[in-house]
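Remember, it's a predicted structure, so these values are computed and weren't measured experimentally. Computation of the quantities below employed the complete heavy-atom set of this structure, encompassing side-chain atoms and omitting hydrogens, waters and symmetry-equivalent molecules. Protein chains get the first letters and strands the later ones, always in sequence-line order, with residue 1 at the start of each.
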2 protein chains.
Amino acid sequence: MPEKRQKRYEETRDQLLEVAWAEFAANGFAQTSTENVVREAGVTRGALYYHFKDKTDMFRAVVDLAHIRILSRIEDASASAPSITEGLRRGCLAFLDACSSPDIRQIALIDGPSVLGWAEWREIDTKHGFGALRDGLTEAKRQKALRADADPMALAYLLSGAMNEAALALSDPELSKTRRSNLRRSMEAALLSMLAAFET
Amino acid sequence: MPEKRQKRYEETRDQLLEVAWAEFAANGFAQTSTENVVREAGVTRGALYYHFKDKTDMFRAVVDLAHIRILSRIEDASASAPSITEGLRRGCLAFLDACSSPDIRQIALIDGPSVLGWAEWREIDTKHGFGALRDGLTEAKRQKALRADADPMALAYLLSGAMNEAALALSDPELSKTRRSNLRRSMEAALLSMLAAFET
DNA sequence: TATAAAACATACAGCGTGTATGAAAATGGA
DNA sequence: TCCATTTTCATACACGCTGTATGTTTTATA
């Protein structure tokens, strides 16, 4: 893999992804025109369709990036946890925090399932945040830190869905600052209660 | 309000909504062309844009219809419950069942938030299923059947999100029959455990 | 240095949405 | 009953956007 070519290739691809991220986040997938993206990226349509199969394929790369960034936040928060259950708690709170970003909210939570379809969206999430949650719950059960009748996979779906909706509600732009912080407090408390309900 | 006119008006509108429901459910909002809808409905573009402001407005009516049908199932199930908490349990299970329909899954859960925006989608849901859940939780707290520190609004968001994701996972077409029924059992058990965690 | 491949630019075809305008049917009043 | 008006829908068209086909330039290779 040659030197100059790889550099140029990655530069334009990264530039496209950066602009696409901003456009998809600000206007949503449907309202984003590829012409705007290539213009702001300083290239043309040709470059876009050389790097990506189509508009959806470019969006897929942006969604993947969003989930990577979410997982990074989760791992940072839960890495130094003294126990598996404490790691789960810290990871969940970090997830809520990460999804407070309007960008991630729009890209990963709102448009992702609709544009890519639920199955593929879930598949991407399974490679990152959802997978970490599922693995954490499985490990907790192996350590007898979870109730014996708890199914880690079912729990992962329920908790993931609960946290996604909580993040959407918390990052609602129409929410006032004080209501947001109040809601966040009660959301976090209720979420931790849910987790505790399945611990031994 | 004249006789023949109202009848004709409602007939073509209902016909459009029926066809639109089927198309949106089968192919999703983006892949549905209004030309297909009007052709299968036996009318032309003119009729569509007379009854609805645009394609999104027609989808809005379909989403509203979906939520109405969901709420109907919930009310049927929880009406004769002997207690408020039992009503909540039956209502939640009925919601899961109602959203097993591929149509409602695609329309209300996947495309709804993306096409209408989260705020408007949530507003519609608040008029129906989500509102019923919130009111039920509020009433349960008033009856001291919920823990004093439980915030009904926060709980409604978390439980609603959990159930939506559970319904999406359970109605995944790629799922085998046995895995689906196994997953449903553990999902329902976990969901009831979540509810029980907040009861007194 | 010549040739091939990669990376991107340009031009164009086609589809789908929304709008503007026209036609038919139904109502209400004289 | 007949005419005027409104409702309800049909027709025609303009515009934007996506994807593809082809051309051009730069880089690697022999």
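- Within residues 37-45 of chain A, the residues that place at least one heavy atom under 4.0 Å from DNA chain C are, in residue-number order, A/Val43, A/Thr44, A/Arg45.
- For A/Leu48 and D/dT20, the CG to C1' distance is 13 Å, given to the nearest whole Å.
- A donor and an acceptor atom never sit less than 3.5 Å apart when one is taken from the side chain of A/Arg8 and the other from the base of C/dA7.
- Protein atom CZ of A/Phe29 is 14 Å distant from nucleotide atom P of D/dC17, rounded to whole Å.
- As rounded to whole Å, 17 Å separates atom P of D/dT27 from atom OH of A/Tyr9.
- When the salt bridge (Lys or Arg N to Asp or Glu O under 4.0 Å) test is applied to B/Arg45, no partner is found at least two apart in sequence or on another chain.
- Here A/Arg13 does not pair with A/Glu10 in a salt bridge; the nearest charged N to carboxylate O distance is not below 4.0 Å.
- A/Glu120 meets the salt bridge (Lys or Arg N to Asp or Glu O under 4.0 Å) test with A/Arg60; sequence neighbours excluded.
- For DNA chain D, no neighbouring residue in residues 19-28 of chain B is found when judged by any heavy atom under 4.0 Å.
- Electrostatic pairing of A/Glu165 and B/Arg122 counts as a salt bridge here, judged by a charged N lying under 4.0 Å from a carboxylate O.
- Residue pairs that meet the ring pair (Phe, Tyr, Trp, His ring centres under 6.0 Å) test with at least one member in residues 147-200 of chain B, sequence neighbours left out, are B/Phe130-B/Tyr157.
- Rounded to whole Å, atom C1' of C/dA7 lies 14 Å from atom CD of A/Glu10.
- Two residues, A/Gly46 and A/Thr32, neighbour DNA chain D, and the one matched to the more 5' nucleotide by heavy-atom proximity is A/Thr32.
- Closest to the side chain of B/Arg5, from the set D/dT18, C/dA26, C/dC8, is C/dA26.
- One atom, CD of B/Gln6, and another, P of C/dG28, lie 12 Å apart when rounded to the nearest Å.
- For C/dA7, one of the phosphate oxygens OP1 or OP2 lies less than 4.0 angstrom from a side-chain nitrogen or oxygen of A/Tyr50.
- Listed pair A/Thr34 / D/dT18 meets the phosphate criterion, a side-chain N or O lying under 4.0 Å from OP1 or OP2.
- Pairs engaging residues 67-80 of chain B under the side chain to side chain donor-acceptor pair (under 3.5 Å) rule: B/Arg73-B/Asp97 [sequence neighbours left out].
- For the pair B/His51 and D/dT8, the criterion of a side-chain N or O lying under 4.0 Å from OP1 or OP2 is not met.
- The salt bridge (Lys or Arg N to Asp or Glu O under 4.0 Å) check on B/Arg8 picks up nothing, with sequence neighbours excluded.
- Using a 4.0 Å cut-off on heavy atoms, the residues of residues 52-66 of chain A that approach DNA chain D are A/Asp54, A/Lys55, listed by number.
- Identified under the ring pair (Phe, Tyr, Trp, His ring centres under 6.0 Å) test for residues 161-195 of chain B, with sequence neighbours left out: none.
- Atom P of nucleotide D/dT27 and atom NZ of A/Lys7 are separated by 11 Å, given to the nearest angstrom.
- Here A/Asp103 pairs with nothing under the salt bridge (Lys or Arg N to Asp or Glu O under 4.0 Å) rule; sequence neighbours left out.
- The phosphate of C/dC15 (OP1 or OP2) has no side-chain N or O of B/Ser33 nearer than 4.0 angstrom.
- Listed by first then second residue, pairs satisfying ring pair (Phe, Tyr, Trp, His ring centres under 6.0 Å) with a partner in residues 13-45 of chain B read B/Phe24-B/Phe29, B/Phe24-B/Phe59, B/Phe29-B/Phe59, not counting sequence neighbours.
- Checking the phosphate oxygens (OP1, OP2) of D/dG19, a side-chain nitrogen or oxygen of A/Tyr49 falls inside 4.0 Å.
- Listed by first then second residue, pairs satisfying ring pair (Phe, Tyr, Trp, His ring centres under 6.0 Å) with a partner in residues 34-57 of chain A read A/Tyr9-A/His51, not counting sequence neighbours.
- In this structure, the CD atom of B/Glu35 is 14 Å from the P atom of D/dA10, given to the nearest Å.
- Electrostatic pairing of B/Lys127 and B/Asp64 counts as a salt bridge here, judged by a charged N lying under 4.0 Å from a carboxylate O.
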